[in-house]
Amino acid sequence: MKKHVTLSRRKVLAGLTGAVAAPMIIRPGSALAQSNSMTFVTWGGAYRDSVVKGVIEPFTAETGIEVNIVDTPDLAKVKAQVMTGNVEWDVFDAPGAMGASGEKEGYWEPLDESMLDVDDMTLAPTETLMPFYTWAGGIAWDADRFGEGEHPTTFAEYFDLEKFPGLRTFRDRPSETLEAALLADGVAPADVYPLDVERAFAKLDEIKSQVASWVSATPQTIALLRTGEVDFSYTYASRVRTTGAQSESGNIQFSFDQTLNGLEYLAVVKGAPNKENAMRFLEFAMRPEIQAATMELLGNAPVSKSAVPMLTEDSQSWLPDLSDPDHLVLNDAWWADNFEEVSRRFKEWVLI
Amino acid sequence: MRDFRQASIFVTPAAIIAICISALPLLYIFYTSVEGPDFSLGSYISIIKSTLFHRTLSTTMVIAVSSSALSLLIGYVIALHLARQPAKRRAFLLILVLLPFWTSVLVKCYAFTIILGRTGIINSALDAISGGQLSMSLLLNRTGVLIGMTNYLTPFVVFPVLASLLAIDPAVYRSASIMGARPARIFWTVTLPMSVPGIIAALASVFVMALSFFIIPALLGGPRDAMLSNLVDFYTREALDWNTAAAIGMILLGMTLIVVGTVYARNRRAAL
């Protein structure tokens with residue numbers, strides 16, 4: 001009896017030692033890979049292809065630095081890497097709120113502003129976040145079903161069920177949705193932040209019964225319009241442009257009268273194994289010709305001002321005119337501070 | 001004692017793996033849920049006060065109970081049918097049960113979107129029959145979740161129930177029918193009571209699995225079908241609040257232990 005117990009304990013100890021030692025054995029691998037490579041975490045599918053063609057291939061051609069691509073930026077994984085000191089990622093492709101919460105938590109390396117041409121940027125970099133592009137969210141409809149004047153073009157009209165009856169979509173998250181509600185309720189875009197959460201939910205109550213889908217996967221915002229499951233949809237200009245071109249059915253249109261504009265950032269993960277290469281990558285991605293080539297493929301708005309004239313005329317027609325005060329730029333810092341609490345309330349509100 | 005000694009030899013490797021792979025991380029999750037060395041119950045208290053948690057908990061219970069009941073019903077009928085087949089035929093039919101059982105749950109979910117979707121097989125057929133009058137909303141709602149979960153869980157009912165049905169001595173059936181019992185009577189007084197151990201084993205494992213489902217409600221359900229593990233995902237990846245995520249995980253584990261403990265206690269009593 002006793003013999004078995006000691007045996008198992010020894011085995012447990014051996015197993016434990018193995019488990020503890022494993023990271024130390026695995027780790028030198030990434031150290032070896034240093035100098036001539038880096039890891040870039042970005043989004044999959046067509047997005048990834050565009051970034052590879054627009055940024056990564058010319059970057060590798062110029063610098064000789066190989067870029068390993070990992071799909072799907074996940075802040076929880078950054079948290080785990082930074083917490084355990086086992087950082088594998090270098091550059092992180094962060095949507096606005098994700099980038100800002102990462103900054104708040106201290107997950108990013110500070111930027112060296114001297115390497116960036118800040119005067120050429122439509123939006124200034126923060127201490128750790130480099131704006132990569134902006135995207136425009138707004139109202140879309142099927143022009144074969146709704147002609148001129150039969151569909152909403154601003155958020156006030158999107159919330160007007162009497163004038164434009166029909167089913168709508170929203171994203172399954174409070175960011176964008178609450179802003180849209182406040183704009184609809186008559187708040188001037190300049191006064192939207194800090195968000196009046198009470199007022200936004202009160203306005204959302206008016207429209208809730210007509211929201212057929214709280215969309216979690218972006219392609220759904222277009223797919224639901226196509227299948228006629230909804231009449232009007234909150235979606236993105238780049239989506240309408242890229243899927244509209246490929247479509248054989250439907251004639252999806254997007255309103256540039258009023259849009260919500262979000263930022264996509266590039267950030268270098270704190271303690272990145274190839275920090276120098278990562279910083280070079282950021283500098284490279286901001287060059288006007290690279291910005292223009294990439295955004296031509298992605299369908300989003302470049303942050304580099306001098307990249308805009310380099311875009312084709314068709315691409316330029318798909319960019320919102322941000323100097324028009326009707327458009328709103330999302331405030332990622334506000335969301336970084338309030339995301340958890342407001343999200344919880346939003347999820348509860350959707351469930352009721 | 002001898003039994004115990006022998007058992008420990010066979011169980012030791014499994015125990016080592018279990019300790020390294022689940023017990024240690026589990027301890028760490030517990031440690032995280034009480035906010036590490038601070039040992040604070042703050043996360044638990046805020047969860048207990050949270051409406052979101054209450055709603056998700058009740059959704060979880062409703063879905064777990066109804067999908068367990070549905071899969072028991074369907075699985076029992078299948079097992080009953082299998083038990084009455086000659087061994088060779090049964091082996092073939094069992095493969096039909098095992099095939100979906102071996103298929104990845106992700107693949108099954110996507111298959112269901114093709115079958116259940118608005119323009120899917122069922123709705124296209126309804127459309128063709130009714131001339132565009134009929135369509136059913138089967139996806140991204142409770143129906144979709146229940147169909148997906150029942151499909152996943154049914155094999156877990158079939159196996160234990162079949163085992164306990166096959167363990168019934170055929171002589172019992174013979175004597176029942178000699179005594180003049182009709183098939184329905186035999187079922188209610190012989191088959192069903194004697195398969196209770198299988199039913200309980202099946203229900204316990206199916207219910208425990210159903211409690212912690214993640215991917216099926218995420219892919220086939222709507223926002224109103226979020227279950228506790230989806231809430232854990234929200235706190236882990238979106239809110240980055242790992243203390244709360246860990247605390248919900250511990251609560252989920254506690255619920256599982258209660259179910260397993262109840263079944264274990266019942267089995268002990270039955271054995272005595």
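Note that the structure is a prediction, hence the values are computed from the model and not measured.
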For a 4.5 angstrom cut-off between non-hydrogen side-chain atoms, does A:Leu75 reach B:Arg237? no
Got a list of side-chain donor-acceptor pairs under 3.5 Å for residues 212-231 of chain B, not counting sequence neighbours?
| from | atom 1 | to | atom 2 | distance (Å) |
| --- | --- | --- | --- | --- |
| B:Ser212 | OG | B:Met209 | O | 3.4 |
| B:Asp225 | OD1 | B:Arg142 | NE | 2.7 |
| B:Asp225 | OD1 | B:Arg142 | NH2 | 3.3 |
| B:Asp225 | OD2 | B:Arg142 | N | 3.3 |
| B:Asp225 | OD2 | B:Gly222 | N | 2.9 |
| B:Ser229 | OG | B:Ser212 | O | 3.4 |
| B:Ser229 | OG | B:Phe213 | O | 2.4 |
| B:Asn230 | OD1 | B:Met227 | N | 2.8 |
| B:Asn230 | ND2 | B:Phe214 | O | 3.3 |

A:Glu340 side-chain N/O to B:Ala239 backbone N/O, donor-acceptor pair under 3.5 Å: no
Rounded to the nearest 0.5 Å, what's the gap from CZ on A:Phe346 to CG on B:Leu52? Could you check? 12.0 Å
Applying side-chain hydrogen bond (donor to acceptor under 3.5 Å, both in side chains) to B:Arg55 and not counting sequence neighbours gives none
May I ask you to test the A:Gln220-B:Leu140 pair for a side-chain heavy-atom distance under 4.5 Å? yes
Going by residue number, which parts of residues 26-50 of chain B are within reach of chain A, meaning a heavy-atom gap below 4.5 Å? B:Tyr28, B:Ser50
Over all atoms of both residues, closest heavy-atom pair of A:Ser343 and B:Phe234: CB-CZ, 3.6 Å
To the nearest 0.5 Å, atom OG1 of B:Thr244 lies from atom CZ of A:Arg344 at 7.0 Å
Under the side chain to side chain donor-acceptor pair (under 3.5 Å) definition, can you give me all pairs with a residue in residues 122-137 of chain B, not counting sequence neighbours? B:Ser137-B:Asn141
Indicate the atoms forming the closest heavy-atom contact of B:Leu240 with A:Lys79, along with that distance. O-NZ, 3.0 Å
Is chain B contacted by the side chain of A:Ala80, its backbone, both, or neither, given a heavy-atom distance below 4.5 Å? both
Using heavy-atom distances under 4.5 Å, tell me whether A:Asp172 contacts chain B through its side chain, its backbone, both, or neither. neither
